[in-house]
2 protein chains.
Amino acid sequence: MATIYEVAALAGVSPATVSRVFNDRPVSAAKAALVRAAAETLRFTPNRTARSLRKQNSEVIALVIPDIENPFFTTLARAVEDRAQAAGLSVVLCNSDDDPEKEARYLDIAISENMAGVILAPASDHSDLSAVIARRRPVVAVDRTTGFDIDSVMIDNRPAGRAATDALIAAGFTRIACIAGPLGIVTADERRGGWGDAVQDGAEGAGSELLRFGNYRVDGGRSAMLELLALSDPPDAVVVSNNLMGVGALEVLAEAVRTPGAVAPGFGVAIIGDLPFATFAPAAITVVHLPVRELGTAAADLLIARIAERAAGERAGSDVDAAPGAGTRIPARTVVLAGEIVPARILADG
Amino acid sequence: MATIYEVAALAGVSPATVSRVFNDRPVSAAKAALVRAAAETLRFTPNRTARSLRKQNSEVIALVIPDIENPFFTTLARAVEDRAQAAGLSVVLCNSDDDPEKEARYLDIAISENMAGVILAPASDHSDLSAVIARRRPVVAVDRTTGFDIDSVMIDNRPAGRAATDALIAAGFTRIACIAGPLGIVTADERRGGWGDAVQDGAEGAGSELLRFGNYRVDGGRSAMLELLALSDPPDAVVVSNNLMGVGALEVLAEAVRTPGAVAPGFGVAIIGDLPFATFAPAAITVVHLPVRELGTAAADLLIARIAERAAGERAGSDVDAAPGAGTRIPARTVVLAGEIVPARILADG
DNA sequence: AGCGTTCCAGAAATCGATTTCATCCGCAAG
DNA sequence: CTTGCGGATGAAATCGATTTCTGGAACGCT
């Protein structure tokens with residue numbers, strides 16, 4: 001494959017000149033034309049590895065998400081990508097599979113591939129960002145918090161949990177269960193908190209037997225729902241903490257509905273997060289729509305701003321590289337987006 | 001951030017020795033210990049950019065897919081990743097968004113980042129792989145064909161289309177429509193062909209008014225289904241060519257079912273591809289299950305084999321680099337996997 | 001005409017690793 | 001006691017670009 005030297009040789013100029021042509025630095029029109037022609041015939045593309053080794057950065061950002069199969073994150077990915085493309089950046093997606101170790105590996109790759117920045121939906125709240133921060137690479141957290149002082153974009157989870165529950169209370173349900181996410185995941189804790197606030201004020205029985213913890217996946221929703229229905233004094237409605245567990249809960253309900261007497265007709269369901277695709281429900285469902293696209297867009301914008309800022313800083317020749325914990329110029333910003341309650345309906349559209 | 005030189009200085013050895021320690025080449029135990037200690041205190045990680053510039057390859061593979069929001073591809077991604085991880089490779093995902101230009105950009109990145117290989121689900125059958133093939137980077141095509149002589153993993157689409165249609169015929173339906181995918185997409189053409197074969201033999205009316213082309217997305221399924229139901233002599237069943245259009249079609253049917261007289265009760269539906277998550281259907285649905293995980297696994301295995309082969313070749317010091325069209329040692333292999341018919345049922349599980 | 005800018009272009013240093021090559025050492029065989 | 005071999009180690013070349021440094025030509029100004 002062609003290198004800059006071969007192009008230079010063919011065009012009869014120095015490699016430096018070839019580089020200048022490809023970087024829009026002043027070169028006489030005549031030589032520029034020669035270079036372009038030579039590059040054309042050799043099908044030359046600059047080697048990004050060499051370039052980024054020298055320039056110490058690339059035009060690629062990493063988006064690290066915990067579950068590629070969750071539509072929440074794919075929608076997020078989509079939004080990030082759209083924004084990044086517009087800014088001339090390519091996005092590579094890394095699936096951490098909720099595994100801090102895999103996540104760490106991808107963060108390592110991002111650093112040592114000199115990627116321009118990282119958007120991270122943390123697998124846990126113990127994600128270790130010290131390495132990437134020490135190298136002064138911009139990082140933005142989405143959806144979940146980290147212990148680090150970085151830009152982040154979050155959803156206002158507690159009100160979302162509250163809104164979902166209030167909607168059920170308003171609809172007349174009195175015994176409202178909650179299928180919460182894993183303990184220790186901040187989004188899960190807060191949504192559960194919102195439910196707790198609402199049931200305390202409005203409905204009977206915040207009793208812990210109505211509170212179940214799932215794994216944020218379909219099977220977790222299934223088993224939690226089964227347990228709830230098997231209670232001697234079962235709930236008449238349920239708030240589910242995320243989309244996938246919502247699917248699981250609905251599956252169980254759909255089966256129960258067909259088993260006469262297994263569940264009261266008109267069981268109430270509220271789900272925090274949008275259902276994937278059309279989910280034809282056996283019951284009316286209240287959904288708290290989460291602004292996922294906006295989440296991604298905001299994260300991308302924050303990251304792009306940081307990257308620009310960093311580039312400007314380098315151009316000005318700053319010296320603060322040495323101090324590992326040195327603060328960034330602009331303090332970390334946090335964007336919080338609110339969910340939006342969508343009235344109960346039978347059919348969610350894709 | 002620490003470089004190999006700083007580690008060398010701290011340990012009192014040469015950079016070469018540090019490199020040897022990190023590459024498991026013979027180094028005396030004493031020096032190795034010194035190096036490791038130094039690396040530890042400096043929190044040194046080898047810079048991948050420099051490494052891959054020198055070694056001319058990396059331990060990262062690219063998976064380029066046309067639609068990150070389609071569960072078909074995310075499942076594929078999952079399978080590829082699992083296999084790659086086991087082989088010590090990291091996977092970065094690139095969303096081409098069905099846009100040949102974006103696809104080309106990602107292929108470029110893969111090449112010039114010296115990635116170990118590429119698994120490509122082509123956006124179109126015009127995808128230009130010449131650059132990556134010229135650089136002798138292993139590529140494997142999945143799901144769709146390319147014009148190039150490379151390893152590929154496909155689904156046996158025509159029989160899948162046929163099986164879906166036959167199932168409806170067997171269930172007694174007589175006027176079976178088809179919502180096909182875009183013209184020119186090989187998977188779409190073949191599935192439609194399978195439907196054509198079946199209706200010719202078994203059912204009435206292969207008339208072109210029963211054949212609609214969609215865009216493989218939810219809205220395409222919706223509009224095609226609406227058109228079919230609006231026919232003066234509407235079908236009594238439909239074969240849908242992919243999962244997302246299946247969702248769209250089901251949405252429309254669900255609405256129609258609630259409108260008395262709009263559609264015959266017991267309208268037949270067969271979908272090629274698994275429905276995303278639990279899709280609670282208003283009708284019994286026949287699904288042709290596609291072995292997506294196996295598709296991904298097979299693709300990853302083929303790629304990993306090629307990468308190993310290439311590495312072995314380099315080690316032996318082959319010379320064929322010059323010839324751009326030079327054939328690979330082992331001829332291209334194509335793996336074809338069959339779909340599997342799943343009898344009609346009401347509720348698909350996630 | 002002389003001097004100082006400005007601008008273009010090439011030579012060479014640089015990024016951070018790997019790898020070749022050469023050296024040096026110890027140890028065994030003759 | 002010498003020769004030879006093999007293993008450990010360092011010096012230096014290398015990967016392919018970018019960037020600094022420097023020389024030289026062209027141009028303007030007095």
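In what follows, chains carry the letters A, B, and so on, assigned in the order in which the sequence lines appear, proteins first and then strands, with residues in each chain numbered from 1. Predicted, not measured: the structure shown is a model, and the values here were computed from it.
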*Can you find a heavy atom in the side chain of A:Leu89 that is under 4.5 Å from one in the side chain of A:Ile307?*
yes

*How far apart are the C-alpha atoms of B:Glu81 and A:Lys102, what are their side-chain angles, what is the distance that settles it, and do they pass the salt bridge (Lys or Arg N to Asp or Glu O under 4.0 Å) test?*
CA-CA 11 Å; B:Glu81 212 192 315; A:Lys102 269 170 96 168; 3.2 Å; yes

Can you give me the N/O atom pairs linking the protein to nucleotides 16-21 of chain C at distances under 3.5 Å, or say none if there are none?
| unit_1 | atom_1 | unit_2 | atom_2 | d |
| --- | --- | --- | --- | --- |
| C:dG16 | OP1 | A:Gln56 | NE2 | 3.4 |
| C:dG16 | N2 | B:Ala50 | O | 3.3 |
| C:dA17 | OP1 | B:Asn47 | N | 2.9 |
| C:dA17 | OP2 | B:Ile4 | N | 2.3 |
| C:dA17 | N7 | B:Tyr5 | OH | 3.3 |
| C:dA17 | N6 | B:Tyr5 | OH | 3.3 |
| C:dT18 | OP1 | B:Asn23 | ND2 | 3.1 |
| C:dT18 | OP1 | B:Arg51 | NE | 3.1 |
| C:dT18 | OP1 | B:Arg51 | NH2 | 3.1 |
| C:dT18 | OP2 | B:Ser19 | OG | 2.6 |
| C:dT18 | OP2 | B:Asn23 | ND2 | 3.3 |
| C:dT18 | O2 | B:Arg54 | NH1 | 2.6 |
| C:dT20 | O4 | B:Arg20 | NH2 | 3.1 |

*Run the side-chain hydrogen bond (donor to acceptor under 3.5 Å, both in side chains) check on A:Thr334 and A:Ser152 step by step: do they pass?*
CA-CA 5 Å; A:Thr334 298; A:Ser152 49; 3.3 Å; yes

*What are the two closest non-hydrogen atoms of B:Ala50 and B:Asn47, and how far apart are they?*
N-OD1, 3.0 Å

*May I ask you to decide whether B:Asp97 forms a salt bridge with B:Arg105, counting only side-chain N to carboxylate O separations under 4.0 Å?*
no

